[in-house]
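Structure first, then comments.
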Amino acid sequence: MKQYLALCQRIIDSGEWVENKRTGKRCLTVINADLTYDVGANAFPLITTRKSYWKAAIAELLGYLRGYDSAAQFRAIGCNTWNANANENEAWLSNPHRQGEDDMGRVYGVQGRRWQRPDGSTLDQLRKIVDDLSKGVDDRGEILTFYNPGEFDMGCLRPCMHTHTFSLLGDTLYLTSSQRSCDVPLGLNFNQIQVFTLLALIAQITGHKAGQAYHKIVNAHIYEDQLELMRDVQLKREPFELPRLTINPDIKTLEDIETWVTLDDFEVEGYQYHDPIQYPFSV
Ligand SMILES: Nc1nc(=O)c2c([nH]1)NC[C@@H]1CN(c3ccc(C(=O)N[C@@H](CCC(=O)O)C(=O)O)cc3)CN21
Ligand SMILES: O=c1ccn([C@H]2C[C@H](O)[C@@H](COP(=O)(O)O)O2)c(=O)[nH]1
């Protein structure tokens, strides 16, 4: 929590204003932020200075791992975060690749589970990683990447947290996650949860201990219409101790994640938080 607040304060103290064409808003911006989560010690990085809707963030992660490509699929598992990008963004609405209501196109999990090879067959990046790690293999390329520049025009948004690299040292699994663009008040609240939970889940189904998760962000920003709430409300509050995340131990395989896992399989203990803050969202 301290590293999150320190990043927010750093953006306010030393950020520079940058115009953003896509949203038509200015962002107070810094370059390069490194966050570390101790998954082995189960220090779950939930924001405590406002209420975090952590279940929606885990639902979004589950959708990515399942290769979802429709905002309706995300809604069905308790996540509303893709409605606006799938259905309200002018550029995507007029894109000929968009296949009707709720379609997100070839983003995130589609690339992770069904990357298209030149011969038309598909590559399942996550399956390969889980199979290798389950055998104790780290070939120094256990990389899940959603970043496919050749297909950017076929999706509603370029992936923000785009690459997850798994590493095995002895019996301990590590994760390094890379993010090109980060909406610190809204997106990072979700992304921290997702990096932590991704390592915890993959360690569990491949039979390893979880170590640290390293979250590397390039462009970290606060939109102009979020600044006042962050500076004058959220940053004035004292954080609470971090809670712990419990994952149903019956989740043992990638098929379990694909088929029966729901948000009921995740519980948080000891979450103390301040009042909710509703930040404006930019499409
Ligand atoms: N501008 C922008 N910021 C983002 O963080 C973002 C995008 N766009 N587009 C793609 C995804 C969607 N994400 C989102 C979208 C909405 C919330 C959001 O509204 N969160 C609220 C309430 C969540 C709820 O009630 O479930 C929050 O207070 O955290 C968070 C992340 C993250 N990404
Ligand atoms: O997981 C996510 C997804 C998106 N975001 C934020 C970062 C930016 O504010 C927007 C995306 O806009 P671009 O113009 O494509 O950079 O969404 C996030 O923080 N986390």
Side-chain angles (χ1 to χ4, degrees), residues 4 7-8 11 15 18-31 33 35 45-65 68-71 74-92 102 104-105 107-109 111-112 146-147 149 152-153 155-164 177-198 215-227 229-230 233-234 263 271 273-283:
Y4 177 82
L7 173 58
C8 297
I11 297 174
V18 178
E19 296 285 343
N20 180 252
K21 257 209 184 117
R22 198 181 62 76
T23 57
K25 292 185 192 167
R26 290 187 314 151
C27 291
L28 199 53
T29 305
V30 298
I31 300 301
L35 305 171
L46 274 195
I47 301 300
T48 62
T49 48
R50 73 177 179 103
K51 184 177 184 187
S52 171
Y53 300 91
W54 61 272
K55 285 214 169 193
I58 293 183
E60 194 180 66
L61 175 68
L62 285 179
Y64 296 157
L65 299 181
Y68 284 0
D69 62 2
S70 155
F74 281 88
R75 278 199 301 281
I77 59 167
C79 172
N80 286 309
T81 55
W82 283 96
N83 298 343
N85 284 107
N87 297 317
E88 289 169 28
N89 178 277
E90 282 311 321
W92 179 236
D102 288 324
M104 295 160 56
V107 293
Y108 287 92
Q111 304 295 350
F146 305 137
Y147 210 72
F152 282 166
D153 62 329
C156 65
L157 197 73
R158 294 166 300 166
C160 290
M161 199 156 70
H162 57 80
T163 299
H164 301 281
S177 297
S178 306
Q179 183 160 357
R180 66 171 176 83
S181 172
C182 182
D183 175 344
V184 172
L186 276 179
L188 187 50
N189 174 34
F190 273 40
N191 295 137
Q192 297 197 110
I193 294 167
Q194 291 165 344
V195 171
F196 183 101
T197 307
L198 179 60
H215 187 178
K216 299 184 176 294
I217 298 168
V218 178
N219 182 306
H221 49 263
I222 297 176
Y223 286 91
E224 55 187 330
D225 53 6
Q226 298 171 327
L227 183 59
L229 277 174
M230 176 58 80
V233 182
Q234 193 171 357
L263 296 181
Y271 184 33
Y273 51 85
H274 289 267
D275 287 345
I277 299 176
Q278 237 185 330
Y279 280 105
F281 176 77
S282 300
V283 184

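Counting convention: from 1, in listed order, for ligands and their atoms alike.
Proximity of Asn191 to ligand 2, defined as any heavy-atom pair under 4.0 Å, is confined to the side chain (atoms from C-beta onward). At a heavy-atom distance under 4.0 Å, no atom of Phe190 approaches ligand 2. Contacts with ligand 2 closer than 4.0 Å are made by side-chain heavy atoms of Tyr108 only, the backbone lying farther away.
Near Gln179, meaning under 4.0 Å from any of its heavy atoms, are these atoms of ligand 2: 18 (C), 19 (O), 20 (N). With ligand atoms numbered from 1 in the order given, ligand 2 contributes 8 (C), 9 (O), 10 (C) to contacts under 4.0 Å with heavy atoms of Tyr223.
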Check: Could you go step by step and tell me if Arg50 and Asp275 meet the side chain to side chain contact (heavy atoms under 4.5 Å, CB included) rule?
Finding: CA-CA 5 Å; Arg50 73 177 179 103; Asp275 287 345; over 6 Å; no
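Ranking the protein heavy atoms by distance from atom 14 (O) of ligand 2 puts Arg22 NE, 2.8 Å first. With hydrogens left out, the protein atom closest to atom 15 (O) of ligand 2 is Arg180 NH2, 2.8 Å, a heavy atom. At the top of the distance list for atom 7 (C) of ligand 2, counting protein heavy atoms only, stands Ser181 OG, 3.3 Å. In terms of protein heavy-atom proximity, atom 6 (C) of ligand 2 is closest to Asp183 CB, 3.7 Å. In this structure, the protein non-hydrogen atom closest to atom 5 (N) of ligand 2 is Cys160 SG, 3.5 Å.
Of the polar atoms of His221, at least one N or O is found under 3.5 Å from an N or O of ligand 2, judged by distance alone. Where the criterion is an N or O separation shorter than 3.5 Å, residue side chain and backbone included, Gln194 fails it with respect to ligand 2. No N or O atom of Glu60 sits closer than 3.5 Å to an N or O atom of ligand 2.
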Go ahead and list the nitrogen or oxygen contacts between ligand 1 and the protein that come in under 3.5 Å, distances to 0.1 Å, or just say none.
| unit_1 | atom_1 | unit_2 | atom_2 | d |
| --- | --- | --- | --- | --- |
| ligand 1 | 1 (N) | Asp183 | OD2 | 3.4 |
| ligand 1 | 1 (N) | Ser282 | O | 2.9 |
| ligand 1 | 3 (N) | Asp183 | OD2 | 2.7 |
| ligand 1 | 5 (O) | Gly187 | N | 3.2 |
| ligand 1 | 9 (N) | Asn85 | OD1 | 2.8 |
| ligand 1 | 28 (O) | Arg50 | NH1 | 2.8 |
| ligand 1 | 29 (O) | Arg50 | NH2 | 3.3 |
| ligand 1 | 29 (O) | Asn189 | ND2 | 3.4 |

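Looking at residues two or more places apart in sequence or on another chain, you find a salt bridge (Lys or Arg N to Asp or Glu O under 4.0 Å) between Glu224 and Arg26. Residues that satisfy the salt bridge (Lys or Arg N to Asp or Glu O under 4.0 Å) test with Lys51, not counting sequence neighbours, are absent from this structure.
Contact check for Asn85 versus Trp82: side-chain heavy atoms found under the 4.5 Å cut-off. Considering only heavy atoms from C-beta on, Ile222 stays 4.5 Å or farther from Thr29 through its side chain.
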Which atom pairs, one a donor and one an acceptor, fall under 3.5 Å between side chains of residues 74-81 and the rest of the protein, sequence neighbours left out?
| unit_1 | atom_1 | unit_2 | atom_2 | d |
| --- | --- | --- | --- | --- |
| Arg75 | NH1 | Asn83 | OD1 | 2.9 |
| Arg75 | NH1 | Asp102 | OD1 | 3.1 |
| Arg75 | NH2 | Asp102 | OD2 | 2.8 |
| Asn80 | OD1 | Asn83 | ND2 | 3.4 |
| Thr81 | OG1 | Glu60 | OE2 | 2.5 |

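Of the N and O atoms on the side chains of Gln194 and Tyr64, not one donor lies less than 3.5 Å from an acceptor on the other residue. Side-chain contact check for Asn219 and Ser181: no donor-acceptor pair (N or O, by modelled atom type) lies under 3.5 Å.
More than 12 heavy atoms of other residues, nucleotides or ligands lie within 6.0 Å of OH in Tyr271, so this atom counts as buried by the packing criterion.
Formation of a donor-acceptor pair under 3.5 Å by the Tyr53 side chain with backbone atoms of Phe190 is not found in this model. Side-chain atoms of Gln111 do not come within 3.5 Å of backbone N or O of Tyr108 as any donor-acceptor pair.
Considering every non-hydrogen atom in both Gln234 and Tyr279, the closest pair reads OE1-OH, 2.6 Å.
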